[in-house]
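Single-structure report; data block below.
Labels below follow one simple rule: chain letters A, B, ... track the order of the sequence lines, proteins then strands, and each chain is numbered from 1. For the numbers below, each heavy atom of this structure counts, side chains included, while hydrogens, waters and symmetry mates do not.
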Amino acid sequence: MTTFLTRRSALLAAATCAATLGLAAVAEAQTSIKIGYAISRTGPNTGGAAVTTIPNYELWVKEVNAAGGIKLGDKRVPIEVVQYDDRSNAEEAVRALERLINQDKVDFILPPWGTGLNLAVGPTLNREGYPHLAATAVTDRAPELAKRWPNSFWMLGTSADAAKTLVELLSRLRDEKKIGDTVAMVSIADGFGIDLSSAARPAITAAKFKLAYDKSYPIGTQDLAPIINEVKALNPDVFIAFSYPPDTLALTEQSRIAGFNPKVFYTGVGTAFPLYRGKFGKNTEGVMGIGGWSGDSPAIKDYLARHKASAANGAEPDRWASAVTYASLQMLQQAIERVGKIDRAAVIKDLQTGTFDTVIGKVKLENNMPTRYWWVGQWQDGEFYGIAPAKNEGARTAIVPKPAWVAP
Amino acid sequence: MTNAILTGLMLGGMYALIAMGLTLQYGVARIMNLSYGEFLIAAAFASHWLFTGWAISPFAGLALVVPLAFALNFAIYKLLLTPLVRRAPNRDALEVDSILATFGLTFVIQGSMLALFGGAYYSYSFLAFPVQFLGETVAANRLAALGITILLGLVLYLALTRTRAGTAVRAVAVDPFAAQLVAINVPQASALTFALGGALVAAAGVLVSTFLTFSASSGVVFTMKALIVVVMGGVGNMLGCLVAGLALGLSESLVASYVDPGLTLAVNFALFLAVLLVKPAGLFGRATR
């Protein structure tokens, strides 16, 4: 025997289902906050995402949920996570975000890792009105983007600022007669290296330094010995490399092997990684690099300990964007709690205007960007301290000249 | 000049080492192994794990990792690839099938490595000290890798040209059907060659891990490099592999030292193109009619 639904009862059934679904959605919004993210679990971005972003997302969710969740009004609701792999691919990242928004109906979205992917997801997050706390993007267009997408927050600042701060530090060191005026600069022929070197080139010459060597190398170069050998022959006072993690390690290794020990030795992304200290040990002493943090601040020490306890194999955070990423999550939480309900427009407003208490200190954004960054750090006694801008609280004095390499 | 040439030879030796296994797998077993780079990274991880966890030197690790890779690759050929070999009506079809199958294998291996080791970069220091060689300062680990490459290449060359089994392998590379007619067990020879290729890439992975930073997703770089060297040298030719690898390494190093490090990739590809234009079958390859 078969039964047939009349059109009316079918409609009724559909309406009931819809009503129940609607009710369920309302009920759910009250019992948890759905936070989604698409992150590079595979592909070329994996190395960066695995060190800087993923452990912080996991640490934050774990801690917030252990404390009962995010406070909405007078009660706490736990975070529920929906996550995807963006495969280090811009189209995939945008697709995943659209899925998070339309299918999973998440309340908030955490950003992907890296400048490229953050730029790629910017328009979508802006169109859909989600706050976009870009914690791992360095771009000169940040001020312009913050205007165009008022929901976007550029936590790492601009490459021009990075280059300018480095050159200011060098000028000061020259004034103190600690270094001469010959600079050798190499850069990776990819986003970061191109941006940083084209910002540094005019700044270096404007500060009347002699740029003795200025060349780039393609991404994936497997032997940097020819570069180091040529630079060593020029005997510069300052060596600057705007490099990615594998080349940062290779350049340092090669310099040590070739006995190239300039007064200032500065390398790019990866210098602030725990891997760098793990590989070079005592030889990190005096090495400068991009980033840094207030290594002596109790908040950072506490964050470091919690990160180690939470991450797989007790991994440490990197000493630059990790703490900034974690701080951006704290800001998001504080903004949501101050608003007291899931109101994304109000949360964006609060992020723009509020003051936040974070592991990197008090943060107050101006034009959607922080006012304080660490641009140059230096390994001193096993910790990567911020040394420039010197006016930053907790800035250490640079060790110059860099001590000689020692046998490992 | 000596320094640039020495650096180039060491880099070229590494390229040749990376490509040697692929030239066997592709040239003889006719498997276009797209997961080749992943096998290299897997061996690098194994070496890293042995060194940091158990303080076993990578050179001792070779004795452990290489036989294991041989057995593993033999099993992969027998279980995964033999059905493809049986089904394929001709060698071209087998090539296409093997591309698809090993492409899938790429994700399996990469996924397992991501699950085991995470996506972060790995690097460790072994023999990372300067040594004087021909009046120049070079890294001991790179020099050691070059030495082992030359040794492996020599042993392999002699094995292929001076032994009965080697002759059989070369016969299969030239014409598997004719080889069958002279009582060569082609499936067996193919399986062993594929496994030998796997053992070689494992050796390359262990050596490379002593001086390069790697992560679970960096395999594809090595597959690409190996492919260029193999095609340039002539598919299935050991000597061609060595010459092509050294030529690439030398040109890279000379251009980086005397012209501009930014042009190394361009020179690599220009050299590759030039060889293909003059000798479409590769430096030592034989044109098929």
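A donor atom on one side chain and an acceptor atom on the other are found under 3.5 Å apart for A/Thr42 and A/Asp85. Side-chain atoms of B/Asn33 and B/Tyr26 form no donor-acceptor pair, as typed in the model, at a separation below 3.5 Å. Side-chain contact of A/Tyr84 with A/Glu92: a donor-acceptor pair under 3.5 Å is absent, judged by distance alone. No side-chain donor-acceptor contact under 3.5 Å links A/Asn56 and A/Thr52. Side-chain atoms of B/Thr102 and B/Ser35 form no donor-acceptor pair, as typed in the model, at a separation below 3.5 Å. Remark: the A/Thr252 side chain and the A/Tyr276 side chain contain an N/O donor-acceptor pair separated by less than 3.5 Å. Counted by atom type alone, A/Arg306 and A/Tyr326 present one or more donor-acceptor pairs between their side chains at under 3.5 Å.
Only the side chain of A/Glu230 has a heavy atom closer than 4.5 Å to any heavy atom of chain B. Contact of A/Tyr244 with chain B is not made at all, since no heavy-atom distance falls under 4.5 Å. Residue B/Phe117 does not touch chain A at all, counting heavy-atom pairs closer than 4.5 Å. Residue contact with chain A, scored on non-hydrogen atoms closer than 4.5 Å, involves the backbone and the side chain of B/Ala256 alike. For a residue to count as touching a neighbouring chain, one of its non-hydrogen atoms must lie under 4.5 Å from one of that chain's; by this rule B/Leu265 touches chain A with backbone and side chain alike. Neither the backbone nor the side chain of B/Met10 comes within less than 4.5 Å of any heavy atom of chain A. Proximity to chain A is limited to the side chain of B/Asn141, based on heavy atoms less than 4.5 angstrom apart. Contacts of B/Phe129 with chain A are made by backbone atoms alone, with heavy-atom separations under 4.5 Å and no side-chain atom involved. Contact of B/Glu136 with chain A is not made at all, since no heavy-atom distance falls under 4.5 Å.
Residues from residues 197-220 of chain B that place a non-hydrogen atom less than 4.5 Å from a non-hydrogen atom of chain A comprise B/Leu212, B/Thr213, B/Ser217, given in numerical order.
Chain B forms the most heavy-atom pairs under 4.5 Å with one residue out of A/Ala50, A/Ala189, A/Ser216, and that residue is A/Ser216.
For the salt bridge (Lys or Arg N to Asp or Glu O under 4.0 Å) test, residues two or more places apart in sequence or in another chain that qualify with B/Arg142 are A/Asp223.
For A/Trp113 and A/Tyr37, the gap between ring centers reaches or exceeds 6.0 Å.
Between B/Ala226 and B/Tyr36, the closest heavy-atom pair is CB-CE2, 3.9 Å.
A distance-only check finds no donor-acceptor pair linking the side chain of A/Lys279 to the backbone of B/Ser123 [under 3.5 Å].
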